[in-house]
**Q** 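The structure under discussion is supplied below as structure tokens; questions concerning it will follow.
Convention: sequence-line order gives letters A, B, ...; per-chain numbering from 1. Note that this is a predicted model, so its numbers are computed, not measured.
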Protein chains: 2
Amino acid sequence: MAKKIYKRDPVASKQLIVDNAIKLFSKKGYAGASMDELSSMCHLNKAMVFYYFKNKKGLYEAVMEEILQEIYYTVIEENKLHDNPMDELEGFIKTYALFACTHPYLPALLLKELSDSGAVIPELLFASMRKLFSLFSDILKRGEEQGCFKDVVPMILYFMVLGTLNLLVTTKSLRIEAAKLDDIDVDTCATCDIDEISVYLIKKIKLMLKEDR
Amino acid sequence: MAKKIYKRDPVASKQLIVDNAIKLFSKKGYAGASMDELSSMCHLNKAMVFYYFKNKKGLYEAVMEEILQEIYYTVIEENKLHDNPMDELEGFIKTYALFACTHPYLPALLLKELSDSGAVIPELLFASMRKLFSLFSDILKRGEEQGCFKDVVPMILYFMVLGTLNLLVTTKSLRIEAAKLDDIDVDTCATCDIDEISVYLIKKIKLMLKEDR
DNA sequence: TGTAAAATTAACTAACCAGTTAATTAGTAA
DNA sequence: TTACTAATTAACTGGTTAGTTAATTTTACA
């Protein structure tokens with residue numbers, strides 16, 4: 001017997017809302033995102049948003065939780081493949097870079113949140129960033145103990161990696177536009193792909209951790 | 001004779017609006033900033049905002065133009081003090097770091113804009129970022145020609161410097177909060193001052209530009 | 001098949017928003 | 001003093017916002 005065709009699918013409806021909310025929040029920010037616009041993106045009645053989520057903030061939290069958990073587990077799982085700090089660092093950067101590039105809403109949402117110390121969802125952002133940073137910090141510290149990294153300040157290096165990668169993703173369209181002009185002779189890496197960028201970043205980070213001075 | 005006391009001062013009124021708009025936009029973003037809130041911050045009637053500025057976007061542009069010009073001229077003027085790429089690079093980083101730290105609304109506004117490729121004011125942001133990047137790129141290229149820098153990709157290095165410094169400024173309160181907890185043993189640089197940070201960053205960037213591999 | 005719960009909708013509300021208007025007040029210059 | 005202009009205000013407008021309500025449709029299950 002063929003599977004019964006349902007006119008309703010609550011799980012799919014909820015996920016449809018989250019998926020479209022990710023797009024909308026990452027494009028317009030929390031304040032700029034309208035629940036009317038969201039519901040029409042989903043082709044659902046607006047009351048559906050408030051049926052599945054307590055309010056706008058609750059939806060935003062669900063969105064952030066989903067993507068922060070996804071990046072965290074992606075990085076953590078990849079990390080298990082390595083057994084020495086040098087490879088772990090390389091894996092961390094490569095994995096974050098690839099994820100950011102294939103999920104460009106992550107850099108957009110993250111930079112917006114971090115630009116005001118997580119004004120909308122301080123606790124959640126705080127906890128997630130800490131978990132990811134804790135792994136990064138641990139890699140560097142073990143590397144320092146084993147003598148493969150020198151003069152390590154994890155917090156600064158963490159923002160160096162995340163700042164570089166997130167900004168390169170979010171400014172992509174701006175950089176492509178800039179490349180078309182030729183009044184100033186600058187290379188904006190408009191055609192660089194993510195692999196080239198992460199290979200360069202890894203090479204440079206390794207160089208800066210190789211010696212004390 | 002004592003100077004006449006005026007009840008009105010149009011220049012001061014306009015500047016009062018810009019100063020408070022900087023605070024408000026950097027805290028809440030473009031969409032989240034309310035012109036009613038702004039006018040009451042200024043203790044002025046809301047119509048005053050629209051008397052001095054065409055509309056909300058016009059005010060936002062005035063705000064961005066003011067701070068982008070300020071950082072640009074600060075960096076450009078400092079740059080004139082040096083006569084070799086190594087000192088110029090150090091000066092660039094130190095000057096940007098100090099400015100960002102003493103004008104924390106700059107990182108907040110910049111990261112918000114860059115997180116969606118300048119959705120609100122693409123042309124203005126674009127032109128300003130290009131001017132600053134052009135200087136940075138020029139320093140690195142001259143350094144490469146003279147042999148003091150190796151394997152330079154200015155665009156990536158630019159976002160490395162700006163990303164690191166801007167994020168360290170905007171996350172300051174988050175990092176101070178994190179330092180109070182002790183469930184995970186991580187140093188969040190909560191007590192680092194801007195000089196320590198820029199000295200470290202300069203040291204590391206110099207190391208990464210010293211050799212090809 | 002009947003019924004209760006879950007999912008969905010149209011229509012509504014009250015607050016807020018950017019921006020306008022027309023009137024009023026203060027400064028200027030003759 | 002007068003008369004003009006610039007600065008300032010209270011009160012308003014029309015549209016948008018997050019969120020609610022009560023009714024309706026679909027589904028699950030006994």
Side-chain angles (χ1 to χ4, degrees), chain A residues 1-64 109 112-113 119-121 124, chain B residues 1-64 109 112 119-121:
Chain A
M1 195 177 101
K3 198 197 167 200
K4 193 173 169 186
I5 293 162
Y6 294 97
K7 289 187 179 178
R8 293 178 176 186
D9 186 341
V11 176
S13 291
K14 189 171 180 178
Q15 194 57 47
L16 187 68
I17 293 170
V18 171
D19 291 345
N20 282 285
I22 288 175
K23 283 187 212 166
L24 192 61
F25 281 130
S26 68
K27 203 165 123 194
K28 308 218 170 168
Y30 178 75
S34 146
M35 297 298 97
D36 282 276
E37 190 180 349
L38 173 63
S39 57
S40 68
M41 282 167 75
C42 301
H43 304 287
L44 289 176
N45 190 279
K46 185 168 60 143
M48 288 285 271
V49 174
F50 297 96
Y51 178 74
Y52 287 108
F53 302 92
K54 193 194 167 197
N55 50 27
K56 187 180 177 180
K57 200 182 162 195
L59 169 62
Y60 185 72
E61 278 172 12
V63 160
M64 292 301 286
L109 287 165
K112 278 181 222 293
E113 272 303 312
V120 189
I121 42 144
L124 179 66
Chain B
M1 194 177 100
K3 198 199 166 195
K4 194 172 168 186
I5 293 163
Y6 295 99
K7 290 187 177 177
R8 294 178 177 187
D9 186 341
V11 177
S13 291
K14 189 171 180 179
Q15 195 57 49
L16 187 69
I17 293 170
V18 171
D19 291 345
N20 282 285
I22 289 175
K23 280 187 214 166
L24 192 61
F25 282 131
S26 67
K27 204 166 124 193
K28 309 218 170 168
Y30 178 75
S34 146
M35 297 298 97
D36 282 275
E37 189 180 350
L38 174 62
S39 56
S40 68
M41 281 168 76
C42 301
H43 304 287
L44 290 176
N45 190 278
K46 186 170 58 147
M48 288 283 271
V49 175
F50 298 96
Y51 179 74
Y52 288 109
F53 301 91
K54 193 193 166 197
N55 50 28
K56 186 180 178 179
K57 200 184 162 193
L59 169 62
Y60 185 72
E61 278 173 13
V63 160
M64 291 301 287
L109 286 166
K112 278 180 221 294
V120 189
I121 41 147

**Q** Classify the nucleic acid contact of A33(B) as base, sugar-phosphate or nothing, counting any heavy atom under 4.0 Å across all strands shown.
**A**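 Sugar-phosphate, backbone atoms only, no base.
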
**Q** What's the closest nucleotide to the side chain of Y52(B) if the choices are dT8(D), dT25(D), dG19(D)?
**A**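 When the side chain of Y52(B) is considered, dT8(D) is the closest of dT8(D), dT25(D), dG19(D).
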
**Q** Within less than 4.0 Å of OP1 or OP2 of dT20(C), is there a side-chain N or O belonging to Y51(B)?
**A**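 For dT20(C), OP1/OP2 do not have a side-chain N/O of Y51(B) under 4.0 Å.
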
**Q** L109(A) versus V63(A): any side-chain heavy-atom pair under 4.5 Å?
**A**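 Yes, side chains in contact.
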
**Q** Starting the side chain at C-beta, find the nucleotide from dT17(D), dA6(C), dC17(C) nearest to D36(B).
**A**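 The answer is dC17(C).
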
**Q** Kindly assign one of parallel, tilted or perpendicular to the pair Y30(B) and Y60(B), based on the angle between their ring planes and the thresholds 30° and 60°.
**A**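 Plane angle over 60°, so perpendicular.
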
**Q** For the base of dG19(C), is there a side-chain donor-acceptor partner from K46(B) under 3.5 Å away?
**A**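 Between dG19(C) and K46(B), which were checked side chain against base, a qualifying N/O pair under 3.5 Å is present.
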
**Q** Of the nucleotides dT9(C), dG19(D), dA6(C), which has the atom closest to the M48(A) side chain?
**A**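 Side chain of M48(A) sits closest to dT9(C).
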
**Q** Remember a base hit wins even if backbone is also touched, and classify F53(A) as base, sugar-phosphate or nothing at under 4.0 Å, heavy atoms.
**A**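 Nothing, no nucleic acid heavy atom in range.
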
**Q** Would you check, one step at a time, whether the test side-chain contact (heavy atoms from CB on, under 4.5 Å) holds for L59(B) with Y52(B)?
**A** CA-CA 9 Å; L59(B) 169 62; Y52(B) 288 109; over 6 Å; no

**Q** Tell me whether the side-chain N/O atoms of S13(A) come closer than 4.0 Å to OP1 or OP2 in dT8(C).
**A**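 Indeed, a polar side-chain atom of S13(A) lies that close.
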
**Q** State, yes or no, whether a side-chain contact exists between E37(B) and K28(B) at a heavy-atom distance under 4.5 Å.
**A**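 Yes, close enough: below the 4.5 Å cut-off.
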
**Q** Looking at the side chain of A47(B), which of dT17(D), dT20(C), dA18(C) is the nearest nucleotide?
**A**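 Minimum distance to the A47(B) side chain belongs to dT20(C).
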
**Q** If you only use heavy atoms from C-beta on, which nucleotide in dA18(D), dT27(D), dA18(C) is closest to the side chain of R8(A)?
**A**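 Comparing dA18(D), dT27(D), dA18(C) against the side chain of R8(A), the answer is dT27(D).
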
**Q** By nearest nucleotide on DNA chain C, pick out whichever of V11(A) and Y30(B) is the more 5' one.
**A**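 Looking at DNA chain C, the more 5' nearest nucleotide goes with V11(A).
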
**Q** Give N45(B) one of three labels, base, sugar-phosphate or nothing, depending on what nucleic acid heavy atoms sit under 4.0 Å from its own.
**A**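 Answer is base: heavy atoms of N45(B) come under 4.0 Å of a base.
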
**Q** Starting the side chain at C-beta, find the nucleotide from dT17(D), dG19(D), dA7(C) nearest to P10(A).
**A**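 From the listed options, dA7(C) comes nearest.
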
**Q** Could you tell me if the side chain of F53(A) sits less than 4.5 Å from the side chain of E61(A), heavy atoms only?
**A**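 Side chain of E61(A) against side chain of F53(A), heavy atoms only: no contact under 4.5 Å found.
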
**Q** How do K54(A) and E37(A) order along DNA chain D: which one's closest nucleotide is nearer the 5' end?
**A**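 Nearer the 5' end of the strand: E37(A).
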
